[in-house]
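Every chain is numbered from 1, with letters handed out A, B, ... down the list of sequences. None of these values were measured; they are calculated from a predicted model. Just the heavy atoms: all of them, side chains too, but no hydrogens, waters or symmetry mates, feed the values below.
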2 protein chains.
Amino acid sequence: MLPADALLLHIGQYIRVSEPLRTALLERVQAASYNKGELLHDARRVCTRSDFIQRGLVRLYYQHDGEKITEYFSAEGEWVNSPNSLVKQTPDIYYLEALEPTQTLSLHMRDLGYLFDNFPEMERYARLSMGSVFGHLMDRITSLRFTSAREKYEHFCRTHHDILHRLPLGMVASYLGITQETLSRIRAAR
Amino acid sequence: MLPADALLLHIGQYIRVSEPLRTALLERVQAASYNKGELLHDARRVCTRSDFIQRGLVRLYYQHDGEKITEYFSAEGEWVNSPNSLVKQTPDIYYLEALEPTQTLSLHMRDLGYLFDNFPEMERYARLSMGSVFGHLMDRITSLRFTSAREKYEHFCRTHHDILHRLPLGMVASYLGITQETLSRIRAAR
DNA sequence: GTGATTATTTGATCTATGTCAAAGAGTAGG
DNA sequence: CCTACTCTTTGACATAGATCAAATAATCAC
């Protein structure tokens, strides 16, 4: 299995990957790796890449009153970037941090532009894959509005079963918008 | 000013609208109008159109424990649809309701498909315009997590200044994820 | 206009979760 | 193996906002 196979598979869920597209992609992706704690992206810079996670775990976070607030977690088979910064080429508030040793395949701005310009199906892929993230964001909003801390945690366990045991409790609490203490008490009472 | 001018303007913010695209669009959009209280879309059906609001005000809501929960408001110059239902062609939980007499230009599924297939720049338009909604959703999540009821309301006043006076209080409260009573008390103390 | 809905306000509780503080557990480096 | 972090748990207390209930006020249909 080529290292890029997972990536092609992901794209293949949304569009047919023609031979020329496949070639163009493979020519342009670049492998990179990060240690635990290293930043894939720093809020003080403009985001110039999108990284596809081959192996590892990443969180998107931002600073709020000196606290690091986790916005979401991404693992194998997902793209990470700072969405607004990437599209508008201006800085934004988000950091990307490797929570484990992480390997990525990345596409630079310029190459993304090339692919979008020359392969209209890549535009479609981007549109459709964004669509699924959309649904998650809307569910998340519902969850923040109407569910108790316990329900939030139980929902998280269901939806993030695979990565739950890889995450420190404090980050999960901040993702859920509750305090670490509350989450600890919830877990105790079971 | 042609009725469709606002629509072309909106698209023109993201891509250049070529003459053939302009023609294709104008041939396919359909005008419709709705009375106050009428549904533009019903959750019991599959969403088959995207509606661009020419005049009026629409809310997206869903049922939760017998309550109608407002997910967002859209006014002149915005697209409304049930995103997931439209893309996946399966039912979803969202209703679209006209809060005022509303005129729309709508594009049917099939025509959207035609435009996406024949005008790659329409894919780009969809991708980029979705991107800006993205940012709003992320801000919304932050607001739900960290701000008091009063701050939520003040933020809403700032960001929805133009439509604030057109909205019943109960819907605003449900949008903000607080109770009507709390919102009423907040407004009293000023 | 008038009666009937529907929306908003006000009041009196109640409770989930936050805050502050400190003690235990785990883990990594020397 | 020990020291120094960092992470997690536990306790006591405070409070924003929910809930329940009822009184006004506004709007709509006839």
When all nucleic acid strands are considered with a 4.0 Å heavy-atom cut-off, which category describes Leu183(A): base, sugar-phosphate, or nothing?
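Touches nothing.
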NA contact type, Gly177(A), heavy-atom cut-off 4.0 Å: base, sugar-phosphate, or nothing?
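Sugar-phosphate, no base atom in range.
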Expressed in angstrom and rounded to an integer, what is the separation of [X] atom [atom1] from [N] atom [atom2]?
X	N	atom1	atom2	answer
Tyr153(A)	dT17(C)	OH	C1'	17 Å
Leu169(B)	dA25(D)	CG	P	16 Å
Asp65(B)	dA18(D)	CG	C1'	14 Å
Phe146(A)	dT19(D)	CZ	P	10 Å
His64(A)	dG18(C)	NE2	C1'	14 Å
Arg187(A)	dA25(C)	CZ	P	15 Å
Leu176(A)	dG18(C)	CG	P	11 Å
Met171(B)	dT6(C)	CE	C1'	11 Å

With a 4.0 Å cut-off, would you call Arg124(B) and Asp117(A) a salt bridge?
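Counted as a salt bridge, because a side-chain N and a carboxylate O are separated by less than 4.0 Å.
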Presence of salt bridge, Glu76(B) and Arg55(B), under 4.0 angstrom
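Yes.
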Heavy-atom count check: over 12 atoms from other residues, nucleotides or ligands less than 6.0 Å from Gln63(B) CD?
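Yes, because the 6.0 Å sphere around CD of Gln63(B) holds more than 12 heavy atoms from other groups.
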Just wondering, do Ser143(B) and Lys152(B) contact through their side chains at under 4.5 Å, heavy atoms?
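Counting from C-beta outward, Lys152(B) and Ser143(B) do come under 4.5 Å.
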How about Phe146(B) and His64(A): do any of their side-chain heavy atoms sit closer than 4.5 Å?
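The answer is yes, as the side chains (C-beta and beyond) meet within the 4.5 Å cut-off.
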[N], OP1 or OP2 - any side-chain N/O from [X] closer than 4.0 Å?
X	N	result
Thr182(A)	dG18(C)	yes
Ser184(A)	dT8(D)	no
Thr179(B)	dA18(D)	yes

To the nearest 0.5 angstrom, please state how far the CD atom of Glu181(B) sits from the CZ atom of Arg185(B).
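Between Glu181(B) CD and Arg185(B) CZ, I get 6.5 Å after rounding to 0.5 Å.
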Tabulate protein N/O versus nucleotide N/O from nucleotides 20-24 of chain C, keeping only pairs under 3.5 Å, one per line.
{"from": "dC20(C)", "atom 1": "N4", "to": "Glu181(A)", "atom 2": "OE2", "distance (Å)": "3.2"}

Quick check: Tyr175(B) with Phe73(B) (ring centres under 6.0 Å apart)?
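Ring-ring flag for Phe73(B)/Tyr175(B): true, centres closer than 6.0 Å.
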Among dG18(C), dT8(D), dA18(D), find the nucleotide with the atom closest to the side chain of Ile178(A).
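Looking only at side-chain atoms, Ile178(A) lies closest to dG18(C).
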